[in-house]
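One-based numbering along the sequence shown.
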Amino acid sequence: MLRLKWVSLNRQKLIVKIFSSFLVIIVLFSGFNLLSVHLFSNIVQNEIIQYNRLMLKNTSERYQTHFERIKTLLFDMYMNEATVAFNRQLMKKSEADVEFWTATDPLKVIRSQAYNPMFYLNNLLIYFNSRSLVIEKEGSVHADMMFSQFYVSNDYPSLFWKNQFYRTSNYVLHPEKTFTVTNLNSSIKAQLIPFSFRMPSSNYQVIALLDARLMKEAFYGTEDNRQFMIVQEDGSLLYSSPGELSARDIPTFLDGKEYGLSGDYYFFFEKNEGSPLTYVTAVPYSNIASKVKNASWTLVLIFAVSIIIGLLTSVFFSRKLNQPVKQMVNSILRRDPVKLESAIHEFDLIHQNIRQLLDEKDAVHQELVDKRSLLTSFGYINKLKAITSDINDWKDIAEMDEPFIIVLFQLHFKTRSVEDSEMKTDRMAYYIQEYIKVLFSERFPSSQTFQMENNQILSLICGTDVRDELDRALMMLKTIVDRDKAYFLVTMAISSAYEQSSQFNEAYREVLDMVQLARPVDESQVIRERSSTPTQLVFTVPQEQELYANLQAGNDLNCITFMNRMLYQLDKRGVSVQQLRQLAEGVIARVVKLLEPYGIDVNGSSYHQQQLVLMEECYTLDQFKQFYAELFQTSAAVIRSRKNEQDPAITFVMDYIEKRFADDVSLDQLADKLNISVGYLSVYIKEKTGANFSDHINAIRINKAKELLSDNALSVQEISVLIGYRNVTSFIRMFKKMIGMPPGEYRKNKVLAADTESLDHR
């Protein structure tokens, strides 16, 4: 019997190989699954730990953001005109003269904020010390009554808030305590976190009573098996969700870990930069172990079931595959193809596929014949663009016989930002195209949108009276895409109205020219008509000489000042981004050529290409300024580093004018001290430094003037005399030439910047 079975088995070699292959696959996957079960516990545990860390990080950011929002609210309430006016009455008038009815003005403000759900407030109070008066969302009340009847807490009695008027700090976040809150209808227990603000020596303070339960549910969640705590800088608890742990149970990990196991709990820590608060989550170890165990048993059960199913399906499919193949081989050997008695029908399927391939070949041939004339009609565009659209859509355009307008969307991807994201440019372009298609199809049902290439999308809109609706749609689109301006910008060009489809090439040329008019601003732009732009940007001969001389001398400061002045003038003339890039290409070429003798790899073009890539990332005037600053600083550093030999004559000249710039220093004096002619010294200074003697002394004087202008004690006239200008008009003219603004305006800007910085620190 065994021999007969073995002979029978040998007759079915194919089925043996198929079944053996299935068994090998099952064994391999079994080994993999066993290894997965072995490693799964650690992986799941790590995933749970990472989940809790991420959740705590998000919670801390939400709490911190909310506390900053409440700070702003307290400050606004404190500085509110109605609050200040009412406090002024309480301070200056007798009780009989105080117009207490004016308390309704701050009361309205309090109510509008206290009932705002985004603040999670139970109440908002203004406590006036001089009259012991409290204004809250329900009205006004005496402070003693407020904290002994309506908001009662053993930790925050009336005396506590009275003593807060003697503290030195402005903002204080008080620990969460239980308050008995009583109103006309009921009395409830509430967990509240007081947050108070007052200025030093002020008569009043603003107190926000934050609802701790609502904040916890909104920022952390309602999971019961974890305990959430907020720890203050001194180690005390600002807030703790219900649980058995207290502040002394929180461990301290000396190695700086953000989580760790202590006792029966996993503790997770998160501390935001600049915040004194530490956020802690305590998760029972048994909870994590239970999840890991359940997941492991589930995986084992799935593994066992998969082995059984794998064996059964191996037998079934081995027989299923072997039978039709055996019949097909017999049919081929008999050269009598017959229909297979199998659900797979290999032979019939092959025959059917061959027939289908022939049919498809005829269809493709006919489609190519149909497309030939269409491709000829749009030959110009197809030579320029790899159109990624259905050709049938273009066939509809070719047959169109009504007026139309086209809109070209030129996408400018910011390479650095896109590389940092997980999205690729082709996917971004696809999503933008789909959004444009949906937006336009709702407003213009007959419109069609195509992706011309990765950074170019084109929409065709039929009709003549569509300008207003189109403008509204594009402004809406601009608002949407500007949210992602960190990754890309869009220039939208609207063509004129054209009458016939044969004018499509002309319309396309028009919008191609229009997108080149985009201005250097960090936002998407809508270009509605052609406008005149400045002619090609080139330097004048004096400008060329000035830039080259400063570059050769390694004077990056003068180069930067020169280019900033140029960019300011060009921006006033309405220059486009494209023109600024053409100008930048010329400057890069000059710098690269100048650096060639200093060993920069010009022939390999690595430095040149690198600067061109950086320039392509510039979209705003400030970005171009930053680009030029880095370019000039880098090139100047190279030039200066190679000029190792220090010229004693130049050193003497620079030291002399640095120390005596306020005196009537002349080139004659220096020439006499160096025992050389004035003409030779002038040429020598120009050759070695790239700037004239007068340029050096003016630069030193103006830098000193900038320092003196920071002090309001001196007038412009006095500063002019101190730095060596006997004529204040000459000083103002030179200051404006080098800095770009008069001394008075520069001083105002410095004062304004100082005030802003002071307010930010406050």
Taken in chain and number order and not counting sequence neighbours, the residues that satisfy side chain to side chain contact (heavy atoms under 4.5 Å, CB included) with Ala212 are Glu176, Gln191, Ile193, Tyr239

Aromatic contact, Phe128 with Phe86 (centres under 6.0 Å): yes

Look only at the side chain of Asn272 and the backbone of Ser60, and say whether a donor-acceptor pair between them is shorter than 3.5 Å. yes

Under 3.5 Å side-chain donor-acceptor pair for Ser196 and Gln164: no

Test item: Arg131 side-chain N/O and Val134 main-chain N/O as donor-acceptor pair under 3.5 Å: no

About how many Å separate CD1 of Ile70 and CZ of Phe119, when rounded to the nearest 0.5 Å? 6.0 Å

So, does Asn183 use its side chain to make a donor-acceptor pair with the main chain of Ser186 at under 3.5 Å? yes

With Phe627 via ring-ring contact (aromatic ring centres under 6.0 Å, His included) - residues at least two apart: none

Taking only residues two or more places apart in sequence, or in another chain, which ones meet Thr425 in a side chain to side chain contact (heavy atoms under 4.5 Å, CB included)? Phe413, Val418, Asn454

Can you check whether Met475's main-chain N or O pairs, donor with acceptor, with Thr479's side chain at less than 3.5 Å? yes

I would like to know whether Tyr171 and Phe75 meet ring-ring contact (aromatic ring centres under 6.0 Å, His included); could you show each step before the answer? CA-CA 9 Å; Tyr171 292 98; Phe75 183 80; 7.5 Å; no

Set of side chain to side chain contact (heavy atoms under 4.5 Å, CB included) partners for Val152, sequence neighbours left out: Thr180

Is there a side-chain contact (heavy atoms from CB on, under 4.5 Å) between Asn52 and Arg226 once you walk through the steps? CA-CA 10 Å; Asn52 282 279; Arg226 296 176 302 161; 3.5 Å; yes

Tyr115: ring-ring contact (aromatic ring centres under 6.0 Å, His included) partners, not counting sequence neighbours: none

Sort out for me which residue in Met146, Lys162, Met145 forms a side chain to side chain contact (heavy atoms under 4.5 Å, CB included) with Ser132. Lys162

Side-chain (Ser153) to main-chain (Phe179) donor-acceptor, under 3.5 angstrom: no

Residue list, salt bridge (Lys or Arg N to Asp or Glu O under 4.0 Å) with Glu523, at least two apart or on another chain: Lys478

Checking Phe267, Phe268, Tyr63 against Phe228 for ring-ring contact (aromatic ring centres under 6.0 Å, His included), the one that qualifies is Tyr63

Would you indicate whether Asn154, at its atom CG, is surrounded by more than 12 heavy atoms from other residues, nucleotides or ligands within a distance under 6.0 Å? no

Heavy-atom neighbours of Asn163 CG exceed 12 at 6.0 Å: yes

Do any N or O atoms from the side chain of Gln227 and from the backbone of Leu245 form a donor-acceptor pair under 3.5 angstrom? yes

Donor-acceptor contact below 3.5 Å, side chain Asp249 vs main chain Ser246: yes

Please, which pairs that meet salt bridge (Lys or Arg N to Asp or Glu O under 4.0 Å) have at least one residue in residues 195-215, sequence neighbours excluded? Arg213-Glu217

Could you list all the ring-ring contact (aromatic ring centres under 6.0 Å, His included) pairs where at least one residue sits in residues 134-154, not counting sequence neighbours? Phe147-Trp161

Set of side chain to side chain contact (heavy atoms under 4.5 Å, CB included) partners for Lys414, sequence neighbours left out: Ser417, Leu489, Asp522, Glu617, Tyr619

Any idea which heavy atoms bring Ser236 and Asp234 closest together, and the distance? OG-OD1, 2.7 Å

Do Lys137 side-chain atoms and Asn122 backbone N/O form a donor-acceptor pair below 3.5 Å? yes

Among all residues two or more places apart in sequence or in another chain, which pass the ring-ring contact (aromatic ring centres under 6.0 Å, His included) test with Phe624? none

Partner residues of His66 under the ring-ring contact (aromatic ring centres under 6.0 Å, His included) criterion, sequence neighbours left out: Tyr120, Phe219

Full working for side-chain contact (heavy atoms from CB on, under 4.5 Å) between Asn455 and Phe488: CA-CA 10 Å; Asn455 63 345; Phe488 62 87; over 6 Å; no

In short, side-chain hydrogen bond (donor to acceptor under 3.5 Å, both in side chains) pairs touching residues 73-88 with sequence neighbours left out are Tyr78-Ser202, Asn87-Asn203

